[in-house]
Amino acid sequence: MDVKTLCLGVLMRRSASGYAIKKEVESGIFSHFCEAGYGSIYPALNKLWADGLVVAREENQEGRPDRKIYEITPAGEEA
């Protein structure tokens, strides 16, 4: 399974940040499919966003940089 498909699988279940996707890959239900680090998750999310398969919104965090929360689009669900 490639990382883009893995990200879409996580996002089918719920909206998530790149960090939350990484945690799901490490210890969630997707941990048995493949390994993925931040160096592959964030480029995959950027490609999915560019292709219109996900959307992102920024969420403010107190004392920390804003984080992006990704949501799958109908086109992403079809993919």
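Scanning both residues, L11 and A16, for their nearest heavy atoms gives CD2-N, 3.7 Å. Minimum interatomic distance between L45 and G18 (heavy atoms only, all atoms of both residues): CD1-CA, 4.0 Å. Residue Q61 comes nearest to D66 through the heavy atom pair N-OD1, 4.0 Å, listed as atom of the first residue, atom of the second, then distance. Here the closest non-hydrogen pair linking Y38 and P43 is O-CD, 3.8 Å. Nearest approach of I72 to M12, heavy atoms of both residues: CD1-SD, 3.6 Å. Here the closest non-hydrogen pair linking A44 and V3 is CB-CG1, 3.7 Å.
Between E24 and R14 a salt bridge is recorded (basic side-chain N to carboxylate O distance below 4.0 Å).
Using a 4.5 Å heavy-atom cutoff, the side chains of L8 and D2 are not in contact.
Summarising the geometry, atom NZ belonging to K68 is positioned 6.0 Å from atom CG belonging to N46; distances are rounded to the nearest 0.5 Å. The OH atom of Y42 sits 10.5 Å away from the NZ atom of K22 when rounded to the nearest 0.5 Å.
With hydrogens and angles ignored, the 3.5 Å screen pairs no side-chain donor or acceptor of S15 with any backbone N or O of E71.
Not counting sequence neighbours, the partners of S17 by the side chain to side chain contact (heavy atoms under 4.5 Å, CB included) test are Y19, A20, R67, I69.
Following chains of ILVMFWY side-chain contacts shorter than 4.5 Å, one cannot reach V55 starting from I21, and the two form parts of different hydrophobic clusters.
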